[in-house]
Amino acid sequence: MKNYISLSDIENLDLAIAEGLQLKNNNTVANVGKGKTLGMLFFNPSLRTRLSTEKAAKLLGMEVMVMNADKDGWALEFEDGAIMNSNKAEHIKEAAAVLSQYCDIIAVRAFPGLEDKAKDEEDLVMKSFKKYATVPVVNLESATGHPLQALTDAMTITELQKTKKPKVVLTWAPHPRALPQSVPNSFVEVMQRMDVEFVIANPPGYDLNPQVKKDTKVFHNQDEALKDADFVYVKNWSSYENYGKILSEDSSWTFSEQKVQLTNDAKVMHCLPVRRNVVIDDAVLDSPNSVVIQQAGNRTYAAQVVLKRLLENLEIE
Amino acid sequence: MKNYISLSDIENLDLAIAEGLQLKNNNTVANVGKGKTLGMLFFNPSLRTRLSTEKAAKLLGMEVMVMNADKDGWALEFEDGAIMNSNKAEHIKEAAAVLSQYCDIIAVRAFPGLEDKAKDEEDLVMKSFKKYATVPVVNLESATGHPLQALTDAMTITELQKTKKPKVVLTWAPHPRALPQSVPNSFVEVMQRMDVEFVIANPPGYDLNPQVKKDTKVFHNQDEALKDADFVYVKNWSSYENYGKILSEDSSWTFSEQKVQLTNDAKVMHCLPVRRNVVIDDAVLDSPNSVVIQQAGNRTYAAQVVLKRLLENLEIE
Amino acid sequence: MKNYISLSDIENLDLAIAEGLQLKNNNTVANVGKGKTLGMLFFNPSLRTRLSTEKAAKLLGMEVMVMNADKDGWALEFEDGAIMNSNKAEHIKEAAAVLSQYCDIIAVRAFPGLEDKAKDEEDLVMKSFKKYATVPVVNLESATGHPLQALTDAMTITELQKTKKPKVVLTWAPHPRALPQSVPNSFVEVMQRMDVEFVIANPPGYDLNPQVKKDTKVFHNQDEALKDADFVYVKNWSSYENYGKILSEDSSWTFSEQKVQLTNDAKVMHCLPVRRNVVIDDAVLDSPNSVVIQQAGNRTYAAQVVLKRLLENLEIE
């Protein structure tokens with residue numbers, strides 16, 4: 001593996017999942033990362049991603065340097081050919097090339113603006129780091145995807161599934177803020193590659209990018225979709241069609257105990273942070289159906305799989 | 001030891017003091033923390049606590065992950081049952097449980113608001129971490145106490161005392177800002193457990209919480225209290241009775257050379273940061289009577305005692 | 001070496017350059033820093049200096065603690081005898097003495113205010129740390145100098161020079177903000193100590209501090225200065241005479257392809273961050289003449305030389 005920008009960078013998903021679950025049971029510090037440095041750059045807040053990736057790197061023996069971009073360093077320019085006479089002091093060309101000399105792997109978080117669909121779909125920050133860095137780049141959630149979360153989710157379902165081909169439902173839920181489609185995008189991608197029965201539930205106007213959704217069945221009736229579900233992934237996202245907009249805060253989509261009863265005693269997942277009693281009710285989050293904490297715990301091992309593969313590839317080169 | 005939320009978590013104080021002073025003379029990296037991670041979460045600024053605790057953890061072989069909560073991560077909700085539709089993105093239930101999976105020990109700093117006595121006395125942030133974390137929690141200064149400082153103070157007095165039962169005075173001093181009672185509270189607690197003659201001096205209206213103060217003698221006349229003192233701990237705090245208010249900025253309480261002369265050539269202590277020429281005069285801080293730097297240096301070893309005990313307890317489990 | 005506040009702290013420059021280039025080819029973790037801690041304190045933003053110095057310390061086996069001063073900790077007072085009743089909570093006397101107990105080396109970045117020449121020339125922050133710290137202090141760019149950058153620059157020229165005595169030109173370039181003279185000051189100092197033909201080019205009113213410039217020849221005509229140059233160091237600075245002011249944004253001083261053609265196919269240097277198409281054109285930065293990335297890469301090894309020497313001196317003591 002040369003980068004981990006999107007889920008498609010993993011060729012054999014089953015193998016990656018198995019490796020992650022194996023690393024989980026093997027809590028010792030490895031040597032593969034010794035003398036290597038992970039640089040993490042955050043353009044947005046992060047709790048789980050920050051700490052689980054740092055933990056994963058250290059479990060592999062790596063050193064970690066963390067920076068809040070723009071706050072600790074310089075505001076970055078991403079446009080090619082820009083005449084840099086305003087507030088941006090450094091161009092991504094230099095920043096990425098320089099970081100590549102201090103770090104053996106660079107990991108970047110950069111959320112979308114949710115105002116200009118075409119611009120967000122370019123995924124300029126992530127793509128620019130990939131283009132100008134000379135070391136592997138890891139996506140810590142970009143404008144269009146969150147592949148470390150998706151690998152975690154796949155590991156969690158694999159770990160917990162009781163049947164050969166479980167039914168998995170991704171359902172939209174209300175939220176007071178406009179959120180990216182990155183997490184649902186990557187979850188859809190990973191489900192399409194697993195041996196599961198996968199459907200999506202969202203209100204009209206909330207269908208995901210057709211190029212991501214492909215032929216996955218979408219229900220506009222949540223109750224219908226939830227029938228017989230073994231896993232329910234609850235997540236808000238803003239509209240793709242009416243880009244970045246909040247079209248509904250319909251609380252009948254809040255994931256409640258009543259909703260759980262429509263399922264096959266489903267395990268309830270969420271990437272966190274979750275707004276209690278808006279996205280998912282206390283009664284569900286505090287019940288044994290919720291696996292959100294275990295899911296968050298798996299973030300460390302998903303990150304370990306990815307970093308380990310990138311390090312191993314560095315050694316081969 | 002399972003947590004270090006308040007000084008009462010230490011059963012045998014003398015043993016803890018002795019262990020701290022021993023660690024001070026043994027500046028090598030230990031193995032007890034190898035492969036273990038300390039997560040530090042700051043809701044408020046910190047210099048000494050941040051660096052001395054990080055240093056202590058690394059001297060024990062631990063990895064350390066530091067986060068400025070709310071700035072680096074998500075604003076946290078602490079109220080049970082809250083409908084989270086405003087600006088708080090994550091509930092402490094999830095945050096504490098998730099952090100417990102990435103960290104072997106969690107350390108938290110959270111100052112009081114000093115506006116609502118009942119709310120501050122709940123010590124909601126610290127108590128919530130203790131309640132929802134599944135790993136040990138260390139108090140890096142909470143709304144009501146600063147037990148790492150208190151252990152440091154006890155070590156410093158033990159190290160410097162020339163008589164079997166020294167006289168120790170805690171005296172209030174003026175300050176332009178309303179400050180918490182956390183440091184004096186914990187100092188009072190630790191003095192009540194040591195074999196010292198302990199009295200407090202503060203202006204009327206500044207008596208500490210009666211449940212902390214207990215039967216410790218309080219002088220409203222500073223000069224009288226200072227007589228024959230071997231140690232003077234100077235510290236400002238806001239009023240407890242008239243909660244969080246500044247009732248006096250009386251500069252006759254500033255700790256000056258004249259005040260030192262009332263004592264038995266006392267050692268002068270302060271937890272730092274100290275406002276020079278407001279709380280304590282230059283002439284005192286720059287004299288051999290001041291032990292504030294040595295006291296701050298002991299922070300590392302107090303933190304080491306606490307972390308070491310928590311790690312050893314983890315091993316037993 | 002006891003501190004690294006200015007370039008003059010290096011006695012034998014050639015030896016330091018040679019040691020840096022040697023360390024560059026020896027990418028293993030050394031033991032000289034084992035059990036030692038570097039504390040880095042930033043009063044201003046930093047990307048290269050932050051990460052390259054942290055990397056250097058870790059390559060020497062050191063632990064690193066990083067703080068954004070004023071943001072993570074307390075606002076510092078530097079005036080002697082100040083009555084601290086305003087917004088500054090801690091005096092440098094305490095801060096430096098306390099940090100000296102947690103860290104084996106302290107590194108500090110503190111830019112000038114560019115409003116009061118006399119005050120900036122005092123270099124109060126750096127000088128105060130040197131005065132009150134009891135451990136070595138490293139300058140990560142102060143009001144008047146950037147000696148880690150200068151050592152890097154000397155290494156880069158040594159690495160790339162094709163003739164025994166190359167011609168090196170430092171040229172001013174336009175910039176929309178008022179910038180410190182720290183980088184050009186230190187570059188001038190280091191060039192004066194190397195066996196090079198060194199000249200400066202800047203518009204009238206931009207002559208550097210005469211005590212730094214000494215008898216180095218200054219051209220007010222850039223084209224004339226560039227003739228036969230083997231290295232061109234491009235850099236903006238604000239006026240020294242008309243202190244801290246921007247007197248010109250003349251784009252004819254922007255370093256362009258046409259300018260390169262006046263030189264002896266010169267290597268083009270800049271300390272970064274660089275504003276593209278304002279300071280240096282894309283066509284130059286993206287050409288083989290530009291060595292700015294290699295130059296930034298050398299920052300790690302310059303920092304390693306300095307830290308290594310300070311550590312070795314600690315051992316002798």
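Residue numbers begin at 1 in each chain, while the letters A, B, ... track the order of the sequences.
A pairwise comparison of heavy atoms in C:Val64 and B:Lys58 identifies O-NZ, 3.3 Å as the closest pair. Taking each heavy atom of C:Ala97 and B:Ile293 in turn, the nearest pair found is CB-CD1, 3.6 Å. The shortest heavy-atom contact between C:Gly81 and B:Asn277 is O-ND2, 3.4 Å. Between B:Arg275 and C:Met84, the shortest heavy-atom distance links the atoms NH1-O, 2.9 Å. In terms of heavy atoms, C:Tyr102 sits closest to B:Lys55 at O-NZ, 3.0 Å.
Atoms OG1 and CD1, on B:Thr254 and C:Ile83 in that order, are 9.5 Å from each other to the nearest 0.5 Å. Taking CG of B:Leu59 as the reference point, atom OG1 of C:Thr37 lies at 6.5 Å (rounded to 0.5 Å).
Looking only at heavy-atom pairs under 4.5 Å with chain C, the residue among B:Val274, B:Leu272, B:Thr49 that has the most is B:Val274. Ranked by heavy-atom pairs shorter than 4.5 Å toward chain C, the options B:Pro174, B:Ala296, B:Ala56 are led by B:Ala296.
Looking at B:Gln295, there are no atoms closer than 4.5 Å to chain C (heavy atoms on both sides), in backbone or side chain. For C:Ser100, no part lies under 4.5 angstrom from a heavy atom of chain B. Residue B:Arg48 touches chain C through both its backbone and its side chain, counting heavy-atom pairs closer than 4.5 Å. Both the backbone and the side chain of C:Ala89 come within contact range of chain B, each with at least one heavy atom under 4.5 Å from a heavy atom of that chain. At a 4.5 Å heavy-atom cutoff, the contact between C:Lys88 and chain B is made by backbone atoms alone.
Side chains of C:Lys93 and B:Asp286 form a contact here, defined as non-hydrogen atoms less than 4.5 Å apart. Counting heavy atoms from C-beta on, the side chains of C:Val98 and B:Val292 never come closer than 4.5 Å. A 4.5 Å side-chain heavy-atom check between B:Glu54 and C:Met67 finds every atom pair outside the cut-off.
Annotation for C:Glu121: atom CD counts as buried by contact number, over 12 foreign heavy atoms lying within 6.0 Å.
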| How far apart are the C-alpha atoms of B:Arg177 and C:Asn87, what are their side-chain angles, what is the distance that settles it, and do they pass the side chain to side chain contact (heavy atoms under 4.5 Å, CB included) test? | CA-CA 9 Å; B:Arg177 300 276 167 89; C:Asn87 63 328; 3.9 Å; yes

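Checking side-chain atoms of C:Glu94 against main-chain N and O of B:Pro273 turns up no donor-acceptor pair under 3.5 Å.
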